[in-house]
Amino acid sequence: MQNFITRPLQHFAKKAAIVLMATLLLACSAARLGYSNGETISYWWLDSYVDFDSSQKQWVKERIDKVFVWHRQTQLKEYVRLIDRMRHRDFAAVTQADLLGDYRDVTSQVLEIADKATPDFADLALSLTTEQIANIEKKFAKSNDKFRKEYLVGTTEERQEFRYRKTLQQAQYWFGGFSREQEASIRSLSDARPLNNELLMAERQHRQRALIVLLKKIHAEKPGKEATVAMLRKYVAATMDRYGNQQQQTFFEQLNTANANLVAGIMRMTTPKQKSYFVQTLQDWVNDFNTLAAKAA
C-alpha cells in the first residue's frame with residue numbers, strides 16, 4: 001500500500017506504530033520525530049509531489065490536521081497496548097509466528113487509517129490539474145532514479161552487504177551495540193532473506209503507473225466524490241494484492257517471513273543489557289504516544 005494516495009498518512013501512522021514493525025522492519029529513531037511533527041511533514045511531502053496552488057494549500061493543511069487529531073485521539077492507545085505486549089514478551093521464546101502476528105496487527109491499523117483518509121484524498125484527486133499530475137510523474141521518475149542508484153547497482157554480494165549495514169544500523173537503535181559474534185549471526189540472517197531488487201523496482205513502477213492512470217481518469221471524467229472514493233479504495237486493494245501478480249505475492253510473503261525470522265533471531269541472541277535497552281526504547285515511544293494522545297484529548 002505504498003502509494004501516493006495513502007502514503008503520507010500511512011507513512012507517519014506506520015512510523016508511529018513502528019515499534020511494532022520493528023519486529024519486521026527495524027525502523028529508525030527519526031520515526032518518533034516524524035510522527036510528532038506529522039502534520040507539517042505530511043503536508044511538505046505531498047506538496048513536494050503536487051506543488052499545491054493557492055486554492056489548495058489551506059484546505060489540504062486543515063484536512064491533514066483533522067486526520068492526525070483523529071489518529072491521536074483514537075489510535076495511539078491501541079499502539080501502547082501492542083507495545084506493552086512486546087515489552088513483556090519472552091525474548092528467548094519469541095517465534096516467527098509471534099512477529100508475523102504483530103505485522104498483521106499493524107497492517108490492520110494502517111488500513112484503518114487509509115480508509116479514514118481516503119475521502120479527503122478523493123477531494124485532492126478531484127482538484128488536481130494536468131500540470132500537477134505531471135509533477136507527480138516527474139517526482140516518481142526522480143525517486144526511481146534514486147532507487148536505481150541505491151539498490152540496482154553492484155553484485156549480489158554488494159547488495160547484501162548494503163542491506164545488512166542498513167539492518168545493523170537500525171537494529172542498533174533498538175538494542176544498542178552488538179558483539180562481533182552477534183554481528184556475524186545478524187549478517188547470516190540478513191543474507192538468508194530473499195533478494196530481488198529488480199522485482200521491487202518492477203512492483204514500484206507498476207504501482208506508480210496505475211496511480212497516474214487513475215488520476216488522469218479522475219481528471220478527465222470528473223466523477224463525483226463517492227465514485228472517486230470507490231476508485232481509490234479499489235486502487236488501494238489492488239496494491240495490497242500486488243495486482244494479482246503471483247510472483248510478487250510469493251516474494252513479499254517470503255520476505256515477510258524471512259524478516260520475522262531475522263528479528264526473532266536478533267531477539268533470541270540479545271544479552272540482558274540489550275533487552276533492557278530495547279525495553280527502555282519502547283518505553284520512550286509509549287511516553288511520546290501518551291503525551292500526544294493527552295494533547296489531542
For the pair [X] (side chain) and [Y] (backbone), establish whether a donor and an acceptor sit closer than 3.5 Å, ignoring hydrogens and angles.
X	Y	answer
Gln208	Glu137	no
Gln96	Ala264	no
Ser108	Arg104	no
Ser42	Glu39	no
Gln169	Lys166	no
Thr250	Gln247	no
Gln75	Arg72	no
Gln254	Pro194	no
His219	Leu128	yes
Arg233	Asp115	yes

Does [atom1] belonging to [X] count more than 12 external heavy atoms closer than 6.0 Å?
X	atom1	value
Lys66	NZ	no
Glu226	CD	no
Lys116	NZ	no
Lys149	NZ	no

Working to the nearest 0.5 Å, report the span between [atom1] of [X] and [atom2] of [Y].
X	Y	atom1	atom2	value
Asn261	Ser190	CG	OG	11.5 Å
His88	Ile83	NE2	CD1	12.0 Å
Ile218	Thr228	CD1	OG1	5.0 Å
Asp51	Lys139	CG	NZ	11.0 Å
Asn259	Leu100	CG	CG	9.5 Å
Tyr235	Thr118	OH	OG1	12.0 Å

Within the 4.5 Å heavy-atom criterion, are [X] and [Y] side-chain neighbours or not?
X	Y	value
Thr167	Leu189	no
Met267	Lys275	no
Leu211	Leu215	yes
Arg242	His206	no
Leu200	Phe147	yes
Phe178	Ile266	yes

Could Arg268 and Phe91 be counted as a cation-pi pair, given that NZ or CZ must be under 6.0 Å from the ring centre and within 45° of the axis?
->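 No, Arg268 and Phe91 do not form such a contact.
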Aromatic Phe52 / basic Lys57 pairing, under 6.0 angstrom, 45° off normal =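 Negative - Lys57 is either too far from the ring of Phe52 or too far off its axis.
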Return the minimal non-hydrogen interatomic distance between [X] and [Y], and the atom names on each side.
X	Y	value
Leu124	Ser127	O-OG, 2.8 Å
Asn144	Arg204	OD1-NE, 2.5 Å
Arg89	Leu99	NH1-CD2, 3.8 Å
Pro223	Leu126	O-CD2, 3.3 Å
Arg85	Asp102	NH2-OD1, 2.5 Å
Val153	Arg159	O-NE, 3.3 Å

Ignoring hydrogens and angles, state whether a donor on the side chain of [X] or [Y] is under 3.5 Å from an acceptor on the partner side chain.
X	Y	value
Asp241	Gln249	yes
Asn135	Glu131	no
Asp98	Thr95	yes

Can we call the ring centroids of Phe175 and Phe278 under 6.0 Å apart?
->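 Yes, close enough.
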Charged N to carboxylate O below 4.0 Å: is that the case for [X] and [Y]?
X	Y	answer
Lys142	Asp145	no
Glu203	Arg207	yes
Arg163	Asp191	no
Glu150	Lys146	yes
Lys61	Asp47	no

Could you go step by step and tell me if Glu183 and Arg187 meet the salt bridge (Lys or Arg N to Asp or Glu O under 4.0 Å) rule?
-> CA-CA 6 Å; Glu183 288 182 5; Arg187 176 62 192 264; over 6 Å; no
Are [X] and [Y] in one and the same hydrophobic cluster, where Ile, Leu, Val, Met, Phe, Trp and Tyr link if side-chain heavy atoms are under 4.5 Å apart?
X	Y	result
Val80	Val279	no
Ile186	Tyr277	no
Leu199	Phe140	no
Val50	Trp44	yes
Trp70	Leu76	yes

Verdict with supporting geometry, Arg87 and Asp84, salt bridge (Lys or Arg N to Asp or Glu O under 4.0 Å) = CA-CA 5 Å; Arg87 284 195 300 166; Asp84 282 338; 2.3 Å; yes
Mind telling me whether Phe162 and Tyr151 have parallel, tilted or perpendicular rings, with 30° and 60° as the class edges?
->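 Perpendicular.
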Using the ring of each side chain (for Trp, its six-membered ring), is Trp45 parallel, tilted or perpendicular to Tyr49, with breaks at 30° and 60°?
->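 If you compare the ring of Trp45 with that of Tyr49, the planes turn out tilted.
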Sequence neighbours left out, what passes ring pair (Phe, Tyr, Trp, His ring centres under 6.0 Å) with Phe251? Give chain and number order.
->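 Ring pair (Phe, Tyr, Trp, His ring centres under 6.0 Å) check on Phe251 returns nothing, list empty.
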Just do the side chain to side chain contact (heavy atoms under 4.5 Å, CB included) check on Arg193 and Gln160 with the steps written out, would you?
-> CA-CA 9 Å; Arg193 294 178 291 173; Gln160 287 179 327; over 6 Å; no
Could you please spell out the steps behind the side chain to side chain contact (heavy atoms under 4.5 Å, CB included) verdict for Asp53 and Gln132?
-> CA-CA 9 Å; Asp53 61 35; Gln132 288 173 327; 4.2 Å; yes
Taking it one step at a time, do Lys77 and Phe289 satisfy side chain to side chain contact (heavy atoms under 4.5 Å, CB included)?
-> CA-CA 8 Å; Lys77 289 182 180 179; Phe289 287 166; over 6 Å; no
Could you walk me through whether Trp174 and Thr270 pass the side chain to side chain contact (heavy atoms under 4.5 Å, CB included) check?
-> CA-CA 11 Å; Trp174 290 103; Thr270 54; over 6 Å; no
